[in-house]
Amino acid sequence: MIRLKVDDDSLGRVRLALSPLWETIGSLAILARYPGEAPSPYSRWARTVRRGMPQELVEGLVEPLRRADPPLFPPGSVPLPSPQRGTLAAELGELRCRYEGRGADRLCALLERYWDWAIAPHWARMRASLEEEALFRGRTLVVSGPEAMLEELDGRVLWSRPVLTAPFHCDLDVPVTRSQLLLVPTVFAGGVRLFQQEAGVVALSYQARATGFFQVLTAPERVSRTEDRLAILLGSGRAQVVRALEVPQTTTAVAASLGMAKSTVSQHLTVLSASGLVWKQRFGGRVLYQLDQGGVALLERLGL
């Protein structure tokens, strides 16, 4: 377990940040930790990624991460997430500068190739869900305060003032004093929990709510036959709305993306919400809709 003892000054400096590199490392950890069948919800993604995966990526990334000695990422080499480094390329540039010894260029080249192979096809949907996660947590932070937000974190992260506790691969007690506490939501939290400490900043990854929709976020393109099955069950219009809600969206955004009237989309959303297939959440003046567990289960049942 890791226990962060957070003082009042640091509690007032809680922030959230996204990181393509931290997601990449988490996904590699899934492949390294589970050489056979990966657990749900990562099983389908892992099977797809392993199928035909270039041997160079297996030997250069997955196997070294599994062995752990020497570490694939030496201490201090992985940069802290930052809005100024919002792309994988920018984060790899920083990693290249931090990496001590030879091999930085090769490691970054392998990570870029792995990203293109395993993450890039799904990143648009993943990032949209992570951005909504940050919006959701950020609203709680602003409206109800940092302790309310910390109490609601998922993934077995527990807040009991003044200690934030989370599962970790080793036992650590870390004082967080007059520092920024940076929380990083990731959908690949099932592989590894990342923790980084630098001067004035302590960063910790946690499991984003989007992890529950991981199979939807990484679903392959659907063929017309399975699309018809959903349309036969729900009707063509509602089926289109369901597919549009793989990431949280407003009624206006759904209507614009589908070319439907806003009133028509609103009617479909009312029925889908009442049926337990879609949940809605108000953020200030916006109401966001996304597939609920019932909607995800339906798509999985139909093989979508």
Side-chain angles (χ1 to χ4, degrees), residues 16-35 37-66 72-73 77-83 85-96 99 104-134 155 183-194 196 203 205-222 246-248 296:
L16 293 110
L18 308 183
S19 171
L21 180 57
W22 282 38
E23 285 289 6
T24 300
I25 295 172
S27 71
L28 280 167
I30 292 288
L31 300 177
R33 184 177 179 181
Y34 303 102
E37 181 77 359
S40 179
Y42 307 107
S43 51
R44 182 174 63 188
W45 169 84
R47 286 195 301 268
T48 302
V49 169
R50 286 192 174 110
R51 192 180 305 126
M53 186 176 185
Q55 192 62 25
E56 183 183 26
L57 299 182
V58 177
E59 295 176 355
L61 295 175
V62 179
E63 292 180 356
L65 192 61
R66 182 181 299 135
L72 180 62
F73 300 98
S77 63
V78 177
L80 291 169
S82 168
R85 295 189 295 269
T87 65
L88 180 70
E91 290 188 298
L92 290 181
E94 180 67 15
L95 186 150
R96 189 178 282 107
Y99 199 92
D105 288 340
R106 181 175 182 273
L107 175 61
C108 290
L110 288 173
L111 288 169
E112 286 179 327
R113 190 178 179 191
Y114 171 79
W115 169 272
D116 291 340
W117 178 267
I119 308 297
H122 317 295
W123 180 242
R125 284 182 287 183
M126 289 169 57
R127 183 176 182 87
S129 281
L130 290 169
E131 287 173 344
E132 294 297 345
E133 167 82 15
L183 301 173
V184 186
T186 69
V187 297
F188 285 104
V192 64
R193 186 177 305 281
L194 295 174
Q196 190 89 347
S205 67
Y206 74 92
Q207 180 174 294
R209 293 176 306 138
T211 304
F213 305 97
F214 182 82
Q215 295 193 44
V216 175
L217 295 175
T218 58
E221 293 297 322
R222 304 179 184 88
E246 292 175 339
V247 297
V296 175

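Since we're looking at a predicted model, the values are computed, not measured.
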Apply side chain to side chain contact (heavy atoms under 4.5 Å, CB included) to Leu21 and Trp115, showing your working. CA-CA 9 Å; Leu21 180 57; Trp115 169 272; over 6 Å; no

Report yes if some heavy atom in the side chain of Leu72 is under 4.5 Å from a heavy atom in the side chain of Ile25; otherwise report no. no

A side-chain contact here means heavy atoms from C-beta on lying under 4.5 Å apart; do Trp22 and Phe188 qualify? no

Find out whether Glu23 and Ile119 are in side-chain contact, i.e. whether some heavy atom of one side chain is under 4.5 Å from a heavy atom of the other. no

Does Leu111 reach the side chain of Leu88, with side-chain heavy atoms less than 4.5 Å apart? no

Taking atom CD of Glu131 and atom CZ of Arg127, what is their separation to the nearest 0.5 Å? 4.5 Å

Any chance you could lay out the side chain to side chain contact (heavy atoms under 4.5 Å, CB included) test for Leu194 and Thr186, step after step, and finish with the verdict? CA-CA 10 Å; Leu194 295 174; Thr186 69; 6.0 Å; no

Would a distance-only check, ignoring hydrogens and angles, find a side-chain to backbone donor-acceptor pair under 3.5 Å from Arg85 to Leu80? yes

Between Leu57 and Val62, is any pair of side-chain heavy atoms under 4.5 Å apart? no

Consider only side-chain N and O atoms of Tyr114 and Ser27, and report whether a donor and an acceptor are under 3.5 Å apart. yes

Is any side-chain heavy atom of Leu61 closer than 4.5 Å to one of Leu107? yes

Any idea which heavy atoms bring Gln196 and Val78 closest together, and the distance? NE2-O, 2.6 Å

To check you understand the geometry: which heavy-atom pair defines the closest contact between Trp45 and Ala118, and what is its length? NE1-O, 3.2 Å

Please assess Arg33 against Val192 for the test side chain to side chain contact (heavy atoms under 4.5 Å, CB included), listing each intermediate value before the final yes or no. CA-CA 9 Å; Arg33 184 177 179 181; Val192 64; over 6 Å; no

Can a donor-acceptor pair be found, under 3.5 Å and without considering hydrogens, that links the side chain of Glu133 to the backbone of Pro185? no

Not counting sequence neighbours, which residues clear side chain to side chain donor-acceptor pair (under 3.5 Å) with Ser82? List them please. Gln84

Sequence-distant partners of Glu56, salt bridge (Lys or Arg N to Asp or Glu O under 4.0 Å), two or more places apart: Arg113

Beyond-backbone contact of Arg193 with Gln207, side-chain heavy atoms, under 4.5 angstrom: no

Residues Pro79 and Glu91: closest non-hydrogen pair is CG-O, 3.7 Å

Any side-chain heavy-atom pair from Leu31 and Val49 closer than 4.5 angstrom? yes

Under the rule for ring-ring contact (aromatic ring centres under 6.0 Å, His included), what residues qualify as partners of Trp117, not counting sequence neighbours? none

Rounded to the nearest 0.5 Å, what separation is found between the CE atom of Met53 and the OG1 atom of Thr48? 12.5 Å

What distance separates Tyr42 OH from Ser40 OG, expressed to the nearest 0.5 Å? 9.0 Å

Closest heavy-atom contact between Arg50 and Ile30? NH2-O, 4.3 Å

Which heavy-atom pair separates Pro81 from Val184 by the least distance, and what is that distance? CG-CG2, 3.6 Å

